[in-house]
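One structure is given below, encoded as structure tokens.
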Amino acid sequence: MQIVLATRNKGKIRELERIFAITLPSVELLGTDSFPELSDIEESEDTFEGNALLKAREVSRFTQLPAIADDSGLAVDHLGGAPGIYSARYGGVHGDDQANLEKVLREMVGITNRSAQFVCAAAFVTPSGFEKVIRAEMAGQLIDHARGVNGFGYDPIFVPDGFSETSGEIAPDIKDSISHRGKAMRALAELISAEREKWA
Ligand code: ITT
């Protein structure tokens, strides 16, 4: 069975390949780079779930294969949930992890409430019209300077609850076991296996 991973984010692709090697070992994962004619998808919805479904629908329609998409981001309590669905472009340029992280650090100077959550909506869509979306979160605290070279995005400034290292310092397999993406994708993988007769 082939499933297309509907993302261009290399940090996500690394995590998804690790997670699905364990949860869906019989599946061949294809990246969107196997479909060079696929154009960029505008994330026009105002929720993580809406954008995840939108990306999975578009890629499944275009490739005529089942597709998995993730819409994710960081929600900071003091910032009213920002950067939220705008996490990938918070600093102005889409995918500029350093600029995004520095903007959050600037906005949090002197702020004592440093609680935040990573959020992931994971969507599975097939050409036959089967659709599921699952949301999961990882709670933690923001620190005031970047630490660690693992992971991507805001990982170097986020310490998950129960840890003293940032998610940019902890080992990748440990991050997978507690992360928003790990939890959402494992639940999605279980559902894909359990409900196979409904969509295959
Ligand atoms: P695709 O739409 O192609 O999947 P994208 O990077 O645009 O890639 P999103 O719109 O879902 O994806 O934005 C996700 C952003 O949220 C990502 O660029 C990071 O800044 C942040 N983010 C999400 N998960 C993260 C994680 O596990 N660790 C650190 N930052 C994360």
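Residues: numbered from 1 along the sequence shown. First listed ligand is number 1; within each ligand, the first listed atom is number 1. All values below come from the heavy atoms of this structure, side chains included, with hydrogens, waters and symmetry mates left out.
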For [atom], what is the nearest protein heavy atom, given as residue, atom name and distance?
atom                    : result
atom 28 (N) of ligand 1 : Asp155 OD1, 2.9 Å
atom 14 (C) of ligand 1 : Ser72 O, 3.2 Å
atom 24 (N) of ligand 1 : Arg181 NH2, 2.8 Å
atom 4 (O) of ligand 1  : Thr7 OG1, 2.6 Å
atom 6 (O) of ligand 1  : Asn9 ND2, 2.9 Å
atom 12 (O) of ligand 1 : Lys12 NZ, 2.8 Å
atom 29 (C) of ligand 1 : Phe152 O, 2.9 Å

Output the list of atoms in ligand 1 that are nearer than 4.0 Å to some heavy atom of [X], sorted by atom number.
X     : value
Glu43 : 2 (O), 7 (O), 10 (O)
Ser87 : 15 (C), 16 (O), 20 (O)
Asp71 : 9 (P), 10 (O), 11 (O)

Nearest neighbour of atom 5 (P) of ligand 1 from the list His94, Arg8, Lys10, Lys175, on a heavy-atom basis: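 Selected option, by shortest heavy-atom distance: His94.
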Would you indicate which of Phe48, Tyr86, Tyr154 comes nearest to atom 30 (N) of ligand 1 when only heavy atoms are counted?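 Heavy atom nearest to atom 30 (N) of ligand 1 belongs to Tyr154.
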Could you check whether the rings of Phe62 and Phe35 sit parallel, tilted or perpendicular, using 30° and 60° as the cut-offs? perpendicular
Which is it for Phe118 and ligand 1 at heavy atoms under 4.0 Å: side chain, backbone, both or neither? side chain
Over all atoms of both residues, closest heavy-atom pair of Ala6 and Thr32: CA-CG2, 4.0 Å
Can you name the nearest heavy-atom pair linking Ser72 to Arg181, along with the distance? OG-NH2, 3.0 Å
Non-hydrogen atom of [X] closer than 4.0 Å to ligand 1:
X      : answer
Gly73  : yes
Asp70  : yes
His180 : yes
Lys55  : yes

In terms of heavy-atom contacts, does CD of Gln64 have more than 12 from other residues, nucleotides or ligands at under 6.0 Å?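 It does: Gln64 CD has more than 12 such atoms within range.
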Any N/O of Asp97 closer than 3.5 Å to an N/O of ligand 1?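 Not met; the criterion fails.
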Less than 3.5 Å between some nitrogen or oxygen of Asn100 and one of ligand 1, yes or no? no
Can you tell whether the side chains of [X] and [Y] come within less than 4.0 Å, N to carboxylate O?
X      : Y      : result
Glu58  : Arg61  : yes
Arg186 : Asp176 : no
Arg18  : Asp173 : no

Tyr154 and its side chain to side chain contact (heavy atoms under 4.5 Å, CB included) partner, picked from Leu142, Asn100, Leu105: Asn100
Which of these, Thr166, Ile143, Leu74, sits in a side chain to side chain contact (heavy atoms under 4.5 Å, CB included) with Phe158?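 Running side chain to side chain contact (heavy atoms under 4.5 Å, CB included) over Thr166, Ile143, Leu74 with Phe158 returns exactly one hit, Leu74.
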Those residues at least two apart in sequence (or on a different chain) that pass side-chain contact (heavy atoms from CB on, under 4.5 Å) with Lys198 are Phe130, Glu195
Are side-chain heavy atoms of Ile170 and Phe163 found at a separation under 4.5 Å?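 Yes. Closest side-chain heavy atoms under 4.5 Å.
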So CE of Met185 and NE2 of His180: to nearest 0.5 Å the spacing works out to 9.5 Å
